[in-house]
Engineer: 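I am attaching a structure below and will ask some questions about it afterwards.
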Number of protein chains: 2
Amino acid sequence: MSEALRPLRRNEIRQQNEALILQAAEKVFAEAGFGGATMQLIADVAGLPKANLHYYFTSKEELYRKVVSNIFDIWLHAAESMDNAPGPVEGIGAYIDAKMEISRRHPDGSKVWASEVMHGAPVIQDYLETTLRDWTAGRAALIQGWIDAGQMAAVNPDHLLYMLWAATQHYADFGHQIETLNGGPLTESQWREAKDSVKVMILRGIGAV
Amino acid sequence: MSEALRPLRRNEIRQQNEALILQAAEKVFAEAGFGGATMQLIADVAGLPKANLHYYFTSKEELYRKVVSNIFDIWLHAAESMDNAPGPVEGIGAYIDAKMEISRRHPDGSKVWASEVMHGAPVIQDYLETTLRDWTAGRAALIQGWIDAGQMAAVNPDHLLYMLWAATQHYADFGHQIETLNGGPLTESQWREAKDSVKVMILRGIGAV
DNA sequence: ATACAACCTGACCAAGCGGTCAACTAAAAT
DNA sequence: ATTTTAGTTGACCGCTTGGTCAGGTTGTAT
């Protein structure tokens, strides 16, 4: 209710509708995959006529590309938590926390990303080859520095990163399987236990505790 | 060449064509997802006319269901490697080996399974609730036994299982990402290193070494 | 008040989809 | 040799899809 009757300004309309569409698209792409998603369904979820989607996004693929790139930005932002840490316990611990929180708060985004990569990354191959490759190389060097300083065991940094990604994203991508086995969504304390379990196992696994 | 001209017997024809179709379907479903896959494309990959697929499988969904259930059987078989082990080092070590080998040899199957679960398991929900649930409960009890016997640290068995699944399947499901970062497919020795890394980190992570 | 540009949308379209079927060939049973 | 059954396939069908567009509405600049 409130002042909903005030006519919206142009900027607001565009911003609001694009956000609405992107939000609906993320959900539908996550649930059905790119091929299974339909513009009609996205439109219904967004509460807009289908033709309106094509006013803001010229094609299904462009809309999808926008969704994926938004997710990637969230990821990159979370990655910063690993920097400026005195050692692996703080750095990797914070990174696990951040990524687990993303799995909890943005499971749809995680699924879209997973789906995209699983199908050969037809849309974001360039991201993988540039931004992600650079990021990975940088963090691997960071980890190697901790190893050289005797702060953790001599594990392969690349495979450690893969394990971090795998273990944390699993709670989003395979959330349905976990919920089924758990007999329902994870509670607040179960999420805490999940985080702790992942952190304890990995940090001990790399000899950092 | 050889004796390819000998007329095939009925049994052979059926067996051969069903295998051909299932193989092609697994590949196409893995690459495009259920919604993105088309019967025509599966037919092309199998080298058969589309109408022939519908002679052996009444619908796209039935074909898909068969593919998924085949994968599940492979998984259950690999799960046996965890049994009859004197302790976590042997049991979990063997399980990691088995699952890493599956990721390497059957990446398409793993992707189809992941895709199915990610999209809410519309087809195999009953598997999750019966077979998988029972299997998980059994292995969690086995792990708890090892903990009680002082053979490993007191970690949450469920989250350990999730980590095992996540870490091993990642090499199949996100194989494309890994290959991109690696600058090409993993070599024989890189696969060995991957296996060792996962095993060392997890076994140390659960205090079993 | 008027002109302009941005926004909106029902109706429509060509293309591709899963699935069907009748006519055919080849193996097996009689 | 003949009948029956299993396997094969091009042509076809109804339906849904992503995408278009003409004509209308609404905010904004003059």
Side-chain angles (χ1 to χ4, degrees), chain A residues 3-22 24-29 31-68 112 115-116 119 122-123, chain B residues 3-29 31-68 112 115 119 122-123:
Chain A
E3 79 286 90
L5 297 176
R6 175 177 62 81
L8 291 170
R9 268 179 292 160
R10 284 272 152 85
N11 276 351
E12 291 174 329
I13 291 177
R14 184 156 215 117
Q15 217 168 325
Q16 184 176 319
N17 280 348
E18 283 184 354
L20 213 59
I21 294 167
L22 285 168
E26 180 177 296
K27 187 176 175 186
V28 173
F29 282 135
E31 283 172 2
F34 179 81
T38 67
M39 294 296 273
Q40 186 59 65
L41 184 55
I42 296 172
D44 291 346
V45 171
L48 295 171
K50 192 186 69 165
N52 209 344
L53 303 210
H54 280 99
Y55 175 73
Y56 287 104
F57 301 91
T58 55
S59 69
K60 184 185 178 185
E61 193 174 321
E62 191 208 316
L63 175 55
Y64 175 75
R65 197 186 301 267
K66 221 83 165 198
V67 168
V68 172
V112 174
S115 214
E116 164 69 8
H119 298 148
V123 162
Chain B
E3 78 285 273
L5 295 176
R6 173 178 62 81
L8 292 170
R9 268 179 291 162
R10 284 273 154 84
N11 277 350
E12 291 173 329
I13 292 177
R14 182 155 217 119
Q15 217 167 327
Q16 184 177 321
N17 280 348
E18 283 185 353
L20 213 59
I21 294 167
L22 284 169
Q23 206 172 320
E26 180 178 295
K27 188 176 175 186
V28 173
F29 282 135
E31 283 173 2
F34 179 81
T38 68
M39 294 297 275
Q40 187 60 63
L41 184 55
I42 295 172
D44 291 346
V45 171
L48 296 169
K50 192 185 69 164
N52 210 342
L53 303 209
H54 280 100
Y55 175 73
Y56 287 103
F57 300 91
T58 55
S59 70
K60 184 186 178 185
E61 193 175 319
E62 191 208 314
L63 175 56
Y64 175 74
R65 196 187 303 266
K66 220 86 163 196
V67 168
V68 173
V112 173
S115 213
H119 299 147
V123 162

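By convention in this document, chain letters (A, B, ...) are assigned in the order of the sequence lines, proteins followed by strands, and residues within each chain are numbered from 1. Just so it is clear, the values below take in all heavy atoms, side chains as well, and ignore hydrogens, waters and symmetry mates.
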Engineer: With side chains defined as the heavy atoms from C-beta onward, is the minimum distance between Phe34(A) and Glu116(A) less than 4.5 Å?
Structural biologist: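 When only atoms from C-beta onward are counted, Glu116(A) and Phe34(A) do not touch, as no gap falls below 4.5 Å.
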Engineer: At less than 4.0 Å, is any side-chain N or O atom of Asn11(B) found next to OP1 or OP2 of dA6(D)? Yes or no.
Structural biologist: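 It does not, given that no N or O in the side chain of Asn11(B) lies less than 4.0 Å from OP1 or OP2 of dA6(D).
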Engineer: Just N and O in the side chain of Tyr56(B): are any of them under 4.0 Å from OP1 or OP2 of dA6(D)?
Structural biologist: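 No, outside the criterion.
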Engineer: Kindly confirm or rule out a cation-pi arrangement of Lys66(B) over Phe57(B), judged by NZ or CZ under 6.0 Å from the six-membered ring centre and within 45° of its axis?
Structural biologist: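 Negative - Lys66(B) is either too far from the ring of Phe57(B) or too far off its axis.
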Engineer: Taking five pairs at each end of the helix from dA1(C)-dT30(D) to dT30(C)-dA1(D), what angle separates the two helix axes (nearest 10°)?
Structural biologist: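 Roughly 10° between the end axes, to the nearest 10°.
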Engineer: Considering heavy-atom distances to DNA chain D, does Asn17(B) or Thr58(A) have its closest nucleotide positioned more toward the 5' end?
Structural biologist: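 The residue whose closest nucleotide sits nearer the 5' end is Asn17(B).
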Engineer: Send over the distance from Gln15(A) CD to dA6(C) P, rounded to a whole Å.
Structural biologist: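 That distance rounds to 17 Å.
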Engineer: Check whether any side-chain N or O of Glu12(B) sits under 3.5 Å from a backbone N or O of Arg9(B) as a donor-acceptor pair, and report yes or no.
Structural biologist: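 Yes; judged by distance alone, with no hydrogens or angles, the pair exists.
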Engineer: Between dC8(C) atom P and Gln16(A) atom CD, what is the distance in whole Å?
Structural biologist: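 My rounded result for the distance is 10 Å.
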Engineer: Output the rounded distance in Å from NZ (Lys60(A)) to C1' (dG16(C)).
Structural biologist: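 Taking atom C1' of dG16(C) as the reference, NZ of Lys60(A) is at 13 Å.
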Engineer: Hey, are the side chains of Leu63(A) and Ile42(A) touching, using non-hydrogen atoms and a 4.5 Å cut-off?
Structural biologist: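 In contact.
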Engineer: Give the C-alpha distance, both sets of side-chain angles, the deciding distance and a yes or no for side chain to side chain contact (heavy atoms under 4.5 Å, CB included) between Val112(A) and Tyr64(A).
Structural biologist: CA-CA 9 Å; Val112(A) 174; Tyr64(A) 175 75; 4.0 Å; yes
Engineer: Which nucleotide, dG19(C), dA28(C), dT20(D), lies nearest any side-chain atom of His54(A)?
Structural biologist: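 The listed nucleotide nearest to His54(A)'s side chain is dT20(D).
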Engineer: Whole angstroms only, please: what is the CD1-P distance between Ile21(A) and dC7(C)?
Structural biologist: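 Value for this atom pair: 11 Å.
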Engineer: Is there a residue in residues 38-53 of chain A whose heavy atoms reach under 4.0 Å of DNA chain C, and which residues are they?
Structural biologist: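 DNA chain C contact set from residues 38-53 of chain A: Pro49(A), Ala51(A), Asn52(A).
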Engineer: So do His54(B) and Ser59(B) actually touch side chain to side chain, heavy atoms under 4.5 Å?
Structural biologist: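 A side-chain contact under 4.5 Å is absent here.
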Engineer: Counting distance only, does the side-chain N/O of Glu26(A) pair as donor-acceptor with the main-chain N or O of Leu22(A) below 3.5 Å?
Structural biologist: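 Here the side-chain-to-backbone pair does not exist.
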Engineer: In terms of side-chain heavy atoms, does Gln15(A) have a donor or acceptor partner in Asn11(A) at a distance below 3.5 Å?
Structural biologist: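 Note: Gln15(A) and Asn11(A) side chains miss the donor-acceptor criterion.
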Engineer: Is the distance from OP1 or OP2 of dT20(D) to the nearest side-chain N or O of Tyr55(A) less than 4.0 Å?
Structural biologist: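 Tyr55(A) to dT20(D) OP1/OP2: no side-chain N or O under 4.0 Å.
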Engineer: Has Arg14(A) got a side-chain N or O lying under 4.0 Å from the OP1 or OP2 atom of dC7(C)?
Structural biologist: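 Looking at the OP1 and OP2 atoms of dC7(C), one of them is under 4.0 Å from a side-chain N or O of Arg14(A).
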Engineer: Quick one: Ile13(A) CD1 to dG27(D) P, roughly how many Å, whole number?
Structural biologist: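 One finds 6 Å between P of dG27(D) and CD1 of Ile13(A), rounded.
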Engineer: Contact between Val68(A) and Phe29(A) at the side-chain level, heavy atoms closer than 4.5 Å - yes or no?
Structural biologist: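 No. Closest side-chain heavy atoms not under 4.5 Å.
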